[in-house]
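Here is the structure we will look at.
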Amino acid sequence: TMLAAPLLLGASLRCRRARLVSAFAFVAPPVVEWCRRRPGLDPVRWVAASVVDDVAYGCGVWVGCVRARAWAPLLPTIRSGGPADS
């Protein structure tokens with residue numbers, strides 16, 4: 001969701017279905033991470049902080065790409081194999 005955050009936010013302003021997809025995309029990973037880690041922060045604040053962090057990071061990458069006119073950082077890297085391949 002980090003790099004897709006600006007696009008998801010823009011789409012969610014226009015389409016109701018996109019709002020639902022965006023909400024799930026933003027909330028599900030932090031909820032899973034909170035359940036796995038059980039940090040000293042309550043789940044609502046943990047999710048909110050995670051979402052804000054992802055959106056800020058994604059916006060920063062997009063701004064940097066626009067300024068540099070370089071789109072390669074937005075493209076996913078596809079590797080064969082599993083996690084051990086990296």
Side-chain angles (χ1 to χ4, degrees):
T1 58
M2 281 187 214
L3 299 180
L7 296 175
L8 288 172
L9 288 175
S12 68
L13 294 174
R14 295 179 163 248
C15 176
R16 196 160 135 179
R17 178 177 279 171
R19 269 183 233 128
L20 182 61
V21 171
S22 296
F24 183 77
F26 281 117
V27 172
V31 167
V32 170
E33 188 68 17
W34 185 87
C35 290
R36 191 175 65 78
R37 285 181 164 193
R38 295 291 179 171
L41 202 59
D42 64 274
V44 173
R45 287 191 289 171
W46 174 268
V47 169
S50 296
V51 168
V52 168
D53 183 56
D54 284 354
V55 170
Y57 181 89
C59 287
V61 171
W62 275 87
V63 168
C65 288
V66 169
R67 285 184 181 161
R69 293 187 179 120
W71 309 110
L74 298 174
L75 301 175
T77 301
I78 300 173
R79 296 182 180 142
S80 61
D85 192 32
S86 43

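Every heavy atom of this structure was used, including side-chain atoms; hydrogens, water molecules and symmetry mates were not. No experiment lies behind these values; they were computed from the predicted model shown.
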Legend entry - Under the side-chain hydrogen bond (donor to acceptor under 3.5 Å, both in side chains) test, residues paired with R37 that sit two or more places apart: E33
Inset, instruction - Could you tell me which residues satisfy side-chain contact (heavy atoms from CB on, under 4.5 Å) with F24, sequence neighbours excluded, listed by chain and number? - result: A28
Inset, instruction - Mark yes or no for whether W34, through its side chain, and L41, through its backbone, hold a donor-acceptor pair below 3.5 Å. - result: yes
Hey, can you pull the donor-acceptor pairs under 3.5 Å for the side chains in residues 56-63, sequence neighbours left out?
| unit_1 | atom_1 | unit_2 | atom_2 | d |
| --- | --- | --- | --- | --- |
| W62 | NE1 | L3 | O | 2.6 |

Legend entry - Residues forming a side-chain hydrogen bond (donor to acceptor under 3.5 Å, both in side chains) with R45, sequence neighbours excluded: D42
Inset, instruction - With sequence neighbours left out, write down each residue that passes side-chain contact (heavy atoms from CB on, under 4.5 Å) with V27, or none if nothing qualifies. - result: V31, V47
Legend entry - Considering all heavy atoms, the nearest A18-A11 contact: CB-O, 3.6 Å
Inset, instruction - State which residue, out of V21, V51, V52, fulfils the side chain to side chain contact (heavy atoms under 4.5 Å, CB included) condition with F26. - result: V51
Legend entry - salt bridge (Lys or Arg N to Asp or Glu O under 4.0 Å) contacts touching residues 8-26 (sequence neighbours left out): none
